[in-house]
Every structure is written in C-alpha cells, then in structure tokens.
There are 4 protein chains.
Amino acid sequence: MVDSEQRRPGRPRSEQARQAILAATLELAADKGPRGLSMEAIARRAGVSKETLYRWWRSKTEVVLEALAERSDETIPLPDEGSLAADLGAFLRDTVVSGDATTQRLLRALAAEAAADPSMADLIRERFIVRRRGALDQILQRAVRRGEISQAGAAIALDLIYGSLWYRLIFGIAPLDNAWAAAVARAIAAVH
Amino acid sequence: MVDSEQRRPGRPRSEQARQAILAATLELAADKGPRGLSMEAIARRAGVSKETLYRWWRSKTEVVLEALAERSDETIPLPDEGSLAADLGAFLRDTVVSGDATTQRLLRALAAEAAADPSMADLIRERFIVRRRGALDQILQRAVRRGEISQAGAAIALDLIYGSLWYRLIFGIAPLDNAWAAAVARAIAAVH
Amino acid sequence: MVDSEQRRPGRPRSEQARQAILAATLELAADKGPRGLSMEAIARRAGVSKETLYRWWRSKTEVVLEALAERSDETIPLPDEGSLAADLGAFLRDTVVSGDATTQRLLRALAAEAAADPSMADLIRERFIVRRRGALDQILQRAVRRGEISQAGAAIALDLIYGSLWYRLIFGIAPLDNAWAAAVARAIAAVH
Amino acid sequence: MVDSEQRRPGRPRSEQARQAILAATLELAADKGPRGLSMEAIARRAGVSKETLYRWWRSKTEVVLEALAERSDETIPLPDEGSLAADLGAFLRDTVVSGDATTQRLLRALAAEAAADPSMADLIRERFIVRRRGALDQILQRAVRRGEISQAGAAIALDLIYGSLWYRLIFGIAPLDNAWAAAVARAIAAVH
DNA sequence: CGGTAAGCGAGACGGTACGTCTTGTCTTATT
DNA sequence: AATAAGACAAGACGTACCGTCTCGCTTACCG
C-alpha cells in the first residue's frame with residue numbers, strides 16, 4: 001500500500017495553527033528582527049498557546065527553519081549555461097534576488113542561534129546548509145567535469161562562496177547585491 | 001605638559017576590577033561557551049558589581065572585544081615572502097594557530113551578537129573586523145602591485161577569505177586548520 | 001417493569017474505565033498526596049482519556065468523592081451503648097480506625113478544593129459531609145432524648161467534633177488517634 | 001549598641017513594592033477569592049516583577065501570611081471578665097467581628113495551601129495558628145486556675161473551638177456569626 | 001444483518017500559572 | 001567618583017495542568 005501516512009487516532013494537528021505560527025514568525029522577523037523573535041512572541045502573535053508551539057518545534061531554530069522552507073519553493077534552480085562563470089553568476093544572482101529583507105533577518109536569527117549553540121549549528125547545517133551546498137556543488141562538479149576547476153578548488157569554493165554571503169549578512173560588511181554575485185562568480189571562475 | 005590623561009577627582013578606576021572582568025570573560029567562554037557568557041555571570045565570576053560592568057562597557061559585545069584585544073598582542077604579523085600564495089599561506093596558518101578553543105568561543109559569541117543586532121554588528125566591524133581586513137589587505141595590495149591579482153580580485157578576496165573562516169566557525173562546517181589555510185591560500189592565489 | 005434504569009442506545013459505559021479511574025485516584029493519593037492528584041495524572045495512570053474522565057465527573061472533587069464512597073462501605077456504624085460518652089467514644093474510635101493514610105490524603109484533597117472554591121465546598125457538603133453529620137446526629141439525638149445534652153448543645157457539638165477532626169487533618173495540628181477520640185468524647189459528653 | 005538592624009549595603013528594599021504587593025493580595029482575595037490569588041496575578045496587580053515577589057516570599061502562603069499579619073494589629077485582645085463563659089464569649093465575638101469577607105477569603109486560601117501541602121501546613125501552623133491558640137490558651141489557663149475546666153479539657157477545647165471555626169469557613173457549613181460565638185462559648189464553658 | 005448512536009483512546013488546542021533566569025537601571029553605604 | 005552589594009521592572013524560558021475539542025474505532029441496541 002502507498003498510504004504510508006496512515007491517519008493516527010486523536011485530534012489531527014491544526015494546519016491553521018501551523019500556518020499562523022509560521023506567518024507570525026515571518027512577521028516578527030520583518031517587524032522586529034532577530035531580537036524580537038522569541039517563542040513567547042511567536043505564540044502571542046499567532047494566537048497559539050506555547051504548548052502547541054513546543055509540541056511541534058523543540059526550539060526557535062526549528063520554527064525558523066520551517067518558516068524558511070515554507071517561504072521558498074524549496075527547489076533551488078540550477079542554471080546550466082555552459083561555463084562556470086555563467087552558471088555561478090546566474091546562481092548567485094538568483095540567490096541575491098530571493099534574499100529579501102525578511103529572509104535576511106530570518107537567516108541572521110539562524111546564525112545567532114548557530115553561533116551561540118553548537119547543537120543548533122548542527123541542526124541548521126543538516127537541515128538547511130547542506131541543501132544549499134549540495135545545489136552549488138552540482139554546478140561546481142559540472143565545471144570539474146569540464147576541466148574548469150579542480151576537485152580541491154571546487155571543495156574550498158563552497159566555503160568561500162557561502163562564507164562570503166554569511167559574512168556580509170551577519171556583520172553588515174556590504175550588501176548582498178548583483179555586484180557581489182558578479183565579483184564572486186568572476187573570482188571563483190578564475191580559480192583554475 | 002605631557003600628562004594628557006589629566007587625573008580626574010574621586011576614586012580612580014580599579015584596574016583590578018577590569019582585569020577580573022576580562023579574566024572572568026575568558027574563563028566563562030572556555031567553560032560554558034557563548035551561552036554561558038552573560039553579563040550577570042561575568043560580574044558574578046569576577047566578584048564585581050554589575051554597576052561597574054555597565055559603567056565601563058555598554059554591552060557584552062564591548063567586554064568580549066576588549067577581552068579579545070587583551071588576549072592577542074594586537075599586532076598582526078605580516079609575512080612578506082615574495083608571492084601571494086606564500087604570504088597568504090603564512091598569514092592564514094598564523095591565524096589558525098592563534099585561534100584556540102577559547103578564542104573561537106569568544107568569536108562565536110561576537111558573531112551571535114552581530115547576527116542578532118545590527119548595531120552590535122557595526123560595533124564589531126569597526127572595532128575588530130576592519131583591523132583584520134586591513135592586515136590582510138596589505139598582503140593583497142602588495143600582490144596587486146606585483147600584478148599577481150587585480151584590484152577587484154583583492155577586494156572580493158577579503159570577503160571570501162574571512163567569510164570562509166567565520167562560516168566554518170559559526171556553523172561548524174569544518175575545522176579551521178592548516179588544511180583550510182592551505183586550500184584558501186591556493187585558491188585565492190589562483191584568482192589572477 | 002422493575003428495569004427503571006432503562007438501557008440507552010449506544011455503547012454502554014465502561015465499568016472497567018470507571019474502576020481504573022477510581023483505583024488510579026487512590027494510588028495517586030497514596031503515592032503523591034493531594035498535590036499529585038490532578039485530572040491529568042489520574043487519566044494518565046488509569047490509561048483513560050481525559051474525555052472519559054470529564055464525561056462522567058465534572059471535576060476532580062467529584063472523582064475523589066466517588067473514590068471515597070467506593071472505598072468505605074458507606075454504612076456508618078452507629079453504636080448504641082446507653083450513654084453519650086460511650087457512644088461517642090465508640091463512634092470516634094471507629095472513625096479514627098477507618099481514616100488510614102490514603103483516606104486522609106483524599107480528605108485533604110477535598111478540603112483543598114472546598115477551601116479554594118465555594119461551589120466545591122457546596123458539593124462536598126451535600127455529597128459527603130451531611131452524611132457524616134447525619135450519622136453523628138443520630139447519636140446525639142439519642143442523647144438529647146435521654147436528657148444527656150440539650151438540643152442546642154447537640155447542634156454545636158456537630159461542628160465542634162467534625163471541626164476538630166478536619167482542623168487536625170488540614171493543619172497537621174496533631175494526629176487523629178484514639179487519644180483524640182477519647183478527649184473529644186469526654187469533652188462533648190460533659191456539655192450538659 | 002542597640003543598633004542591631006545595621007543598614008546593609010546595596011539598594012534598600014522598596015517599602016512601596018512591599019505595600020503594593022500586600023495591597024494587591026488583599027484586593028485579589030476580595031475580588032476573586034482564593035482561586036484568583038496566584039503569584040502571577042499578585043505581581044501583575046501590584047505592578048511588580050515576579051522576581052521581586054519571589055525574592056521576599058518563597059510562596060503564596062508566605063505572602064498571604066504577611067498580608068494577614070499586616071491587616072490585623074497583631075495583638076489579640078484578651079478579655080478578663082471573671083468567668084470562662086464570659087471570656088470565651090467576648091473573645092469569640094471579637095474574632096467574628098474581625099473576620100470580614102476579605103479576611104475569610106485569605107484564610108480559605110491558607111487552608112487550601114495547608115490541605116494540599118504538608119510543608120505549607122507546617123508553615124501556617126508555626127507562623128499563624130500557634131499565635132491564635134496561644135491567645136485562646138491564656139483564657140483557658142485562667143479558667144483552669146479558677147477550677148472551671150480541667151487541664152485536659154482546656155487542651156482539647158483549643159481544637160474544638162478553632163476546629164469549628166475553620167470547619168464552617170472551609171466547607172461553608174454555617175456563618176461565623178455571634179450565634180456561633182455564643183453557642184461555642186456556652187458549650188465549652190460547660191465542659192467542666 | 002446492517003444501521004444508529006453513544007462511549008472510548010488518543011491527543012491537539014488556547015489559556016494560564018509556575019519558578020527561574022538575564023537584562024539594564026537604580027539606590028544605598030563604603031572607599 | 002568609583003565600588004560592592006543588591007533591589008528592581010521587564011519579560012523570556014520551558015513545563016505543567018486545565019477544560020475543551022476533534023478524530024477514528026468499538027460496542028452495544030434495534031429495526
């Protein structure tokens with residue numbers, strides 16, 4: 001049978017509460033930023049009890065991760081334009097575009113959790129970061145096959161690229177705009 | 001008169017309290033990590049009143065910044081070995097060496113503050129990050145003058161290098177060891 | 001027809017669930033005392049849903065009242081030894097004997113409910129306390145008829161006797177033992 | 001030196017906060033009764049943080065005890081009219097008069113705590129009940145010396161009298177009015 | 001024998017209180 | 001004037017219980 005998601009006994013989970021919580025998370029991120037994003041505030045704004053919140057998400061980190069997942073359509077577009085420079089440029093421009101102010105604040109909230117607590121870092125890595133690295137890695141592996149970059153270069157490029165993104169985001173070094181996308185694409189493509 | 005630091009009336013600031021606070025900050029970072037590094041805990045462990053703490057440092061961020069400054073000898077060694085690859089390698093290896101566990105926890109505490117609060121990000125950038133970037137920039141500018149890298153390449157290299165460092169640190173991607181130093185140095189030196 | 005308890009349609013009430021609930025109530029009273037005697041805990045220990053619990057008992061008070069009723073054989077023995085002193089002594093000694101540790105904890109749970117909420121007090125009075133007063137009143141009325149005590153004396157004696165019992169129980173003034181039974185019997189019998 | 005209450009360093013305790021808390025306790029008892037008398041509600045109504053509440057009182061019981069102490073002028077008047085009946089009557093009438101609706105609700109709150117938790121019962125006994133018993137005991141001991149009642153009769157009378165008071169209060173048996181005072185005085189005086 | 005209806009377990013839900021913790025400010029006496 | 005001592009308002013933390021609700025399944029009867 002395909003019906004692996006057998007209906008369990010008991011009152012089913014309220015999809016409305018779930019949506020309200022994720023919406024409240026986005027609103028709070030937008031309005032107050034990471035500092036205002038407390039479990040207490042999420043429950044209050046969503047009109048939901050704290051017990052419901054803690055029943056489904058063990059920590060703020062998990063809520064934010066799910067809010068982010070819900071927000072983006074989950075499939076990361078993979079350009080294939082024939083050269084590493086072009087592919088990278090397209091990929092990073094797309095990344096920049098999808099990173100609006102609210103998303104950036106959610107990401108900063110995640111970074112704050114990760115920095116403060118290694119177990120949260122593990123969680124975020126496994127549930128969020130590996131996916132992004134995986135997508136980018138496909139582009140890089142294609143370039144490896146084309147001989148544009150070495151295997152070792154591809155490996156470190158993942159850190160260089162995403163590192164520069166988070167670095168700018170967390171410390172407000174400079175905006176994550178098309179200029180950044182172009183500069184990074186150009187630099188990495190040059191790593192032969 | 002040379003005495004520009006005019007003696008003010010009243011009881012002078014206690015150097016002992018200052019040392020106790022910075023020592024307590026290091027100890028807490030070492031023992032409990034960023035989560036245990038609260039102003040409350042620092043005052044408690046230092047045997048100092050919170051009043052004194054807040055009189056001289058407006059936030060935990062400032063305390064951590066000063067503890068870090070006290071810890072390292074402030075002058076960042078600048079290797080000059082004739083090539084970007086060699087200089088970068090030496091510089092990053094040195095960076096890796098000086099980043100022991102306690103320092104890493106202090107840096108993660110800083111990152112948590114920066115991520116959660118843009119005004120803290122500003123502070124950390126101005127009082128800590130710009131210095132590191134300045135040091136690395138000297139190495140890169142030397143390479144620019146030697147024609148090893150373009151001006152634009154040097155600019156983005158700063159983000160790529162430090163970005164990958166913080167990225168690994170915050171999210172626990174991989175250790176900051178000599179392998180990392182070598183891979184980064186090699187990749188950046190290849191950006192012609 | 002004698003079948004006054006007309007069979008209603010639908011699944012009949014589970015006697016097993018009822019027994020499990022009353023048993024769980026006694027166990028919890030014995031193990032944890034009044035504090036641990038929550039509706040939540042009763043349902044959990046009985047392996048019964050809260051729905052079932054609230055369907056048949058509107059409050060914890062009602063559950064405890066029924067558990068107490070089930071526990072004692074409901075008929076309060078009425079000694080008739082010819083004198084108020086002897087009757088009272090026998091009655092109170094019997095009361096003391098039947099008040100084991102678990103019963104005392106159930107009674108304290110009832111007192112806590114009554115003290116906190118007048119509507120619970122009403123319930124307990126009507127469903128529990130009036131019976132005990134009725135039994136004792138029979139003994140006293142017999143003494144009134146024998147001229148051993150006045151009507152007014154009998155009336156206030158009910159409060160004095162049961163009052164001292166609850167007072168000792170609730171505030172831990174002193175144990176409810178035979179010494180208490182004797183002292184009370186002696187004092188009340190002297191109220192001519 | 002007599003100045004045993006040496007001024008300690010640090011910000012002194014706020015008498016205003018203390019008064020606000022005790023006032024809030026009385027108001028809540030008057031408005032909502034024992035059920036509405038939570039630490040949370042007291043702090044809210046008093047405009048005080050929960051930390052301040054818990055700093056000075058470890059439990060709701062302690063707050064209520066202090067509110068009661070503040071409320072009555074602490075010295076229990078001891079009538080001396082020459083006979084046990086007269087003394088008891090006067091004493092209990094005074095007790096009835098001072099037991100207004102708010103006081104009764106505070107006492108019921110205490111009883112609820114005592115019934116639910118033996119350690120609270122201990123606290124209430126030592127800090128409240130022993131004083132009342134002590135006052136009444138003085139009246140009874142005077143009667144013992146006059147030969148109006150035996151030592152044993154005096155001992156159990158304490159339980160009978162206060163027992164009947166709490167019994168009526170907790171279970172709403174009957175009002176604590178002058179009729180009660182008279183009936184109890186008459187009955188106890190008859191216990192020769 | 002199939003329909004009807006209540007009972008039941010499981011468990012989600014909004015609400016509220018608990019007691020603890022940290023933040024940043026404040027108010028003292030002492031140094 | 002700086003300090004330690006520590007009180008204070010504010011508010012988040014994660015847990016517990018309350019009483020209600022909404023499911024699917026079970027167990028009777030009744031036609």
Side-chain angles (χ1 to χ4, degrees), chain A residues 6-14 16-18 20 35-44 46-56 58-60, chain B residues 8-14 16-17 35-44 46-56 58-60, chain C residues 7-14 16-18 35-44 46-56 58-60, chain D residues 6-14 16-18 36-44 46-56 58-60:
Chain A
Q6 196 85 20
R7 170 84 85 163
R8 287 182 308 148
R11 178 174 177 174
R13 176 176 182 180
S14 162
Q16 186 184 324
R18 183 177 161 276
R35 271 276 138 82
L37 208 58
S38 66
M39 290 295 257
E40 199 90 31
I42 292 171
R44 213 181 304 131
V48 142
S49 75
K50 281 204 288 176
E51 182 181 336
T52 299
L53 203 44
Y54 281 103
R55 185 194 306 281
W56 299 107
R58 242 171 301 179
S59 64
K60 186 167 58 185
Chain B
R8 284 181 301 159
R11 179 174 173 177
R13 176 176 181 182
S14 160
Q16 186 185 326
R35 271 269 186 268
L37 207 58
S38 66
M39 289 295 257
E40 200 85 33
I42 293 171
R44 214 181 304 134
V48 143
S49 76
K50 284 205 291 173
E51 171 68 18
T52 302
L53 203 45
Y54 279 102
R55 184 191 305 280
W56 301 107
R58 243 171 305 180
S59 64
K60 184 167 60 185
Chain C
R7 171 79 82 168
R8 286 180 301 159
R11 178 176 178 174
R13 176 175 180 183
S14 161
Q16 186 185 325
R18 183 176 161 277
R35 271 269 186 266
L37 206 57
S38 67
M39 290 295 258
E40 201 85 31
I42 293 170
R44 215 181 303 131
V48 142
S49 75
K50 284 205 290 174
E51 170 69 18
T52 301
L53 202 46
Y54 280 101
R55 184 191 305 279
W56 300 107
R58 241 172 303 179
S59 63
K60 185 169 59 185
Chain D
Q6 197 82 22
R7 170 83 87 166
R8 288 182 306 147
R11 181 174 174 173
R13 177 176 180 182
S14 163
Q16 186 185 325
R18 184 176 161 277
L37 207 57
S38 67
M39 291 295 258
E40 199 90 31
I42 292 171
R44 215 182 304 130
V48 141
S49 76
K50 282 206 287 176
E51 182 183 338
T52 299
L53 203 44
Y54 280 102
R55 183 194 306 280
W56 300 107
R58 244 171 300 178
S59 65
K60 187 168 57 184

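Naming convention: chains lettered A, B, ... in sequence-line order (proteins, then strands); numbering from 1 in each chain. Computed from heavy atoms alone, side chains included, the values below leave out hydrogens, waters and symmetry copies. Quick caveat: nothing in here was measured; it's all calculated off a predicted structure.
The side chain of D:P12 lies closest to E:dT28, out of F:dA4, E:dT28, F:dC23.
Under a cutoff of 6.0 Å and an axis angle of 45°, A:R18 and A:W56 do not form a cation-pi pair.
Taking only side-chain nitrogens and oxygens, D:T52 comes nearer than 4.0 Å to OP1 or OP2 of F:dA9.
Separating the CZ atom of A:R55 from the P atom of E:dA10 is a distance of 15 Å, rounded to the nearest angstrom. Rounded to an integer number of Å, the gap from CH2 of C:W56 to C1' of E:dG9 is 15 Å. The nearest whole Å value for the distance from the CG atom in D:L53 to the C1' atom in E:dC21 is 16 Å.
Nearest heavy atoms, A:A41 versus A:G36: CB-O, 3.6 Å.
For B:S59, the side-chain contact (heavy atoms from CB on, under 4.5 Å) partners are B:T61, B:E62, B:M120, B:L123, not counting sequence neighbours. For the side-chain contact (heavy atoms from CB on, under 4.5 Å) test, no residue two or more places apart in sequence or in another chain qualifies with D:R11. A:R35 is linked by a side chain to side chain donor-acceptor pair (under 3.5 Å) to B:D117, counting only residues two or more places apart in sequence or in another chain.
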Counting only pairs under 3.5 Å, give me each side-chain donor-acceptor contact of residues 47-54 of chain D, with atom names and distances, residues two or more places apart or in other chains.
unit_1, atom_1, unit_2, atom_2, d
D:S49, OG, D:E51, N, 3.4
D:S49, OG, D:T52, N, 3.3
D:S49, OG, D:T52, OG1, 3.2
D:K50, NZ, D:E40, OE1, 3.3
D:E51, OE2, D:R55, NH2, 2.8

Check your understanding: Which parts of nucleotides 14-21 of chain F does protein reach within less than 4.0 Å, heavy atoms only, written one letter per nucleotide 5' to 3' as B for base, S for sugar-phosphate only and - for none?
Key -> BB-BBBBB
